Amino acid sequence: MKENTIQRKRGRPERVEDFAHHVLDDLSAAERVRMSFLGSQLGLFKAMANAGPMTVGQIARNSGASIKLVKHWADSLAADGYLVHEEEADTFCLPEPHATAMTDPTSPYYVGNRFMKANGNQLIKPMELTHVLPANYVKLRSLLPSDVSGRFFSEEYLSSLLHSWIPGVEGLAAKLESGILVADLGSGRHGASTLVMAGLFPNSTFLGFDRYVSSVERANLLAKEKHIPNAHFECATDEHVYAYQYDLITLIESAHHMGENLQDLLTECRQVLKTDGVLVIAEAKDGSIVSEEQYQRLRSTRVVPTVAEHVYRVERGIDGHEHELQKAATAAGFSVFRRVAETWYDKVYELRP
């Protein structure tokens, strides 16, 4: 009887090998993210920060995690260069630069909560870790806080506020310290940016505006829980927004999500901004800009005609968001448009009448 087989063409071995290595690299990266996520959520990185070489037992005692889990975690991240392993003493060390990036939310290079964002849609059930965590640990501590987006957003912007855009706007820090009125438009469900600023500058009054009633109620509750009396949240209606003239208006990654027309939004901001006030806009970097490395790859292939616009952008350094924002700002009556800061994730602009 003739076998029913499928005859496959043999590909070039080197191409198969390259792709296989590519997949293995991706799997390794996924494992690093998983281990780093656990390290952040279980406090393993914090337990090692500035502590020098530590044994697995010491890390476990300082963090409250099980020795078995810590051993697997430390071995995995030491192999990937996140930790340094001393074989003779069998100790692990978290280098100072790594500790800063993983545990210090005030550093502009803090990436500790990025792992939470990466794992946000892949909730780890406590029952999956009962074999490596103490029985009471699973009941007492959730691996993924319910306020993930708020916590992530707060710490990210705490870093930006301290090290980037507030010092970049001339005289703003002094005014905030002495006391001014601030409107944070599009403050979101957690009011994170409003609460961070209000916590840093208790002499100023911060009004967070959002279009959703549930978001306003949630943010006001958080302000009360965090004991931040100078932060208040209202619905973004004409009645509430136009009730005051503001010294500072902020649009933190919300300018392109409030209304259909950017120029109209900026015009309205101009109307409620004091003559010596400032509008600060933080926008995510334009993802449509191709990196230099990718550009060089495109140039060496036949697909350049299909990405002509992207190549044009790279060659001339054009940021579509920035160009659109500046055009709308000028049309709205702002005479000053200046980029004051650039973080890993955002660009921040200062607009003045």
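Residues take their numbers from the sequence shown, with the count starting at 1. Predicted, not measured: the structure shown is a model, and the values here were computed from it.
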Let's go through Leu69 and Leu42 carefully: what are the C-alpha distance in whole Å and the side-chain angles of both, what is the deciding distance for side-chain contact (heavy atoms from CB on, under 4.5 Å) to 0.1 Å, and is it a yes or a no? CA-CA 10 Å; Leu69 171 62; Leu42 300 181; 3.2 Å; yes

Output for pair (Asn62 CG, Lys46 NZ), nearest 0.5 Å, gives 14.0 Å

Check: Does any N or O in the side chain of Ser40 come within less than 3.5 Å of the main-chain N or O of Ser36, such that one atom is a donor and the other an acceptor?
Finding: yes

Here the pair of heavy atoms bringing Asn230 nearest to Phe201 is ND2-O, 3.1 Å

- Message: What I'd like to find out is whether the side chain of Leu222 reaches to under 4.5 Å of the side chain of Glu225, using heavy atoms alone.
- Response: yes

Let me see the working for Asp247 and Lys175 under side-chain contact (heavy atoms from CB on, under 4.5 Å), right down to the final yes or no. CA-CA 9 Å; Asp247 300 281; Lys175 289 184 178 180; over 6 Å; no

Inset, instruction - Apply the test side-chain contact (heavy atoms from CB on, under 4.5 Å) to residues Met48 and Leu83: give CA-CA distance (whole Å), side-chain angles for both, the deciding distance (0.1 Å), then the verdict. - result: CA-CA 10 Å; Met48 298 185 68; Leu83 305 178; 4.1 Å; yes

So CG of Leu325 and CZ of Arg339: to nearest 0.5 Å the spacing works out to 11.0 Å

task: Please tell me if the side chains of Val348 and Ser164 come closer than 4.5 Å, counting only heavy atoms from C-beta onward.
output: no

Between the CG atom in Asp90 and the NE2 atom in His85, the distance rounded to the nearest 0.5 Å is 4.0 Å

Checklist line | Side-chain (Asn203) to main-chain (Ser178) donor-acceptor, under 3.5 angstrom | finding: no

Here the gap from Glu170 atom CD to Arg352 atom CZ, rounded to the nearest 0.5 Å, amounts to 7.5 Å

Nearest heavy-atom contact between Cys269 and Ile249 is O-CD1, 3.5 Å

Review point. Should we count CG of Asn50 as having more than 12 external heavy atoms under 6.0 Å?
Key: no

| field | Beyond-backbone contact of Asn261 with Leu265, side-chain heavy atoms, under 4.5 angstrom | value | no

Original post:
Does Tyr242 OH have over 12 foreign heavy atoms under 6.0 Å away?
Top reply: yes

* **Any side-chain heavy-atom pair of Tyr244 and Val272 under 4.5 Å** => no

### Query
Side chains of Tyr349 and Gln326: is there a donor and an acceptor less than 3.5 Å apart?
no

*Are any of the side-chain heavy atoms of Leu176 and Phe206 separated by less than 4.5 Å?*
yes

Are more than 12 heavy atoms, taken from residues, nucleotides or ligands other than Glu96, located less than 6.0 Å from that residue's CD atom?
no

Compare all side-chain heavy atoms of Val169 with those of Leu248 and state whether any distance is below 4.5 angstrom.
no

(Q) Check the orientation of Phe209 and Tyr246. Use parallel for under 30°, tilted for 30 to 60°, and perpendicular for over 60°. (A) perpendicular

| field | Short side-chain donor-acceptor distance under 3.5 Å, Ser187 and Asp210 | value | no

Mark yes when over 12 heavy atoms from residues, nucleotides or ligands other than Gln245 sit less than 6.0 Å from its CD; otherwise mark no.
yes

In terms of heavy-atom contacts, Ile228 and Gly199 come closest through CG2-N, 4.1 Å

message: Any heavy-atom pair between the side chains of His232 and Thr205 that's under 4.5 Å?
response: yes

| request: Just say parallel, tilted or perpendicular for the rings of Phe45 and Trp73, cut-offs at 30° and 60°. | output: perpendicular

The reported gap from CZ in Phe337 to CG in Leu266 (rounded to nearest 0.5 angstrom) is 9.0 Å

To the nearest 0.5 Å, atom CG of Leu207 lies from atom NE2 of His240 at 10.5 Å

| message | Determine whether Glu283 and Lys347 satisfy the following criterion, side-chain contact (heavy atoms from CB on, under 4.5 Å), listing intermediate values before the conclusion. | response | CA-CA 5 Å; Glu283 281 287 277; Lys347 292 181 179 179; 5.6 Å; no

Closest non-hydrogen atoms of Pro353 and Thr275, given as atom of the first, atom of the second and distance, are CG-O, 3.8 Å

On a heavy-atom basis, the closest approach of Ser63 and Leu44 is OG-CD2, 3.2 Å

Heavy atoms of Thr91 and Pro53 approach each other most closely as OG1-CB, 3.6 Å

### Message
Test of understanding: clusters of I, L, V, M, F, W, Y form through side-chain heavy atoms closer than 4.5 Å, transitively. Do Ile59 and Ile67 belong to the same one?
### Response
yes

Measuring only between side-chain heavy atoms, which start at C-beta, is Tyr82 closer than 4.5 Å to Met102? yes

